[in-house]
Engineer: 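Let me give you the structure first, and then I'll get to my questions.
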Amino acid sequence: MVERRSPKPNVEGSSPSWPGKINREVDMSKIIKFSKECVAELRKVVWPTRADVLSSVKVVIVSTIIIAAFLGILDSIFVAVFSWIF
């Protein structure tokens, strides 16, 4: 019989049915560091201008109306065809 060993023998809870110990200590320095890094990344973001946003909104509204009209016409055709068949 072959003996099987975990690649990391000192790791507790290697079985999926029994998770390892969870360290519940909160290190505030890690949280503060994460928050500062988030703010730094958000400062690098190039936010869209008002004109860009309005232009995008207009495109979305117009395309939604066009697709709704197309689907409405297609639905009317299907209703007519199926009422003619049945």
Side-chain angles (χ1 to χ4, degrees):
M1 181 176 259
V2 177
E3 180 180 346
R4 294 187 181 188
R5 293 185 181 204
S6 170
K8 297 179 183 177
N10 294 332
V11 175
E12 293 182 24
S14 60
S15 170
S17 63
W18 189 262
K21 292 183 179 179
I22 299 172
N23 186 1
R24 297 197 185 267
E25 289 183 20
V26 177
D27 189 7
M28 288 303 292
S29 64
K30 290 181 181 179
I31 295 173
I32 292 170
K33 180 183 175 188
F34 175 76
S35 300
K36 286 181 180 180
E37 289 175 358
C38 287
V39 170
E41 288 297 320
L42 285 173
R43 288 192 177 139
K44 295 178 186 178
V45 173
V46 178
W47 297 101
T49 64
R50 183 176 180 88
D52 291 338
V53 173
L54 289 176
S55 173
S56 297
V57 168
K58 289 175 189 175
V59 168
V60 168
I61 290 173
V62 169
S63 61
T64 302
I65 291 171
I66 291 171
I67 291 172
F70 174 73
L71 291 176
I73 293 168
L74 194 63
D75 182 50
S76 299
I77 292 170
F78 280 125
V79 167
V81 169
F82 281 108
S83 64
W84 180 71
I85 293 173
F86 299 109

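Throughout, residue positions are numbered sequentially from 1 according to the sequence presented. Remember, predicted model here, so these are calculated numbers, not experimental data.
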Engineer: Hey, could you give me each pair passing salt bridge (Lys or Arg N to Asp or Glu O under 4.0 Å) that has a residue in residues 39-52? Not counting sequence neighbours.
Structural biologist: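 Residue pairs with at least one partner in residues 39-52: Glu41-Lys44.
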Engineer: Side chains of residues 62-70: which donor-acceptor pairs under 3.5 Å do they make with residues two or more places apart or in other chains?
Structural biologist:
from, atom 1, to, atom 2, distance (Å)
Ser63, OG, Val59, O, 2.9
Ser63, OG, Val60, O, 3.0
Thr64, OG1, Val60, O, 2.6

Engineer: Show the atom names and distances, to 0.1 Å, of all donor-acceptor pairs under 3.5 Å that link a side chain in residues 77-86 to residues at least two apart or in another chain.
Structural biologist:
from, atom 1, to, atom 2, distance (Å)
Ser83, OG, Val79, O, 3.0
Ser83, OG, Ala80, O, 2.9

Engineer: Please say yes or no: joined through hydrophobic side-chain contacts below 4.5 Å, possibly via intermediate residues, are Ile61 and Val53 part of one cluster?
Structural biologist: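 Yes, Ile61 and Val53 fall within the same hydrophobic cluster.
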Engineer: Quick one: does Ser55's side chain have a donor or acceptor within less than 3.5 Å of a partner on Ala51's backbone?
Structural biologist: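 Answer holds: no.
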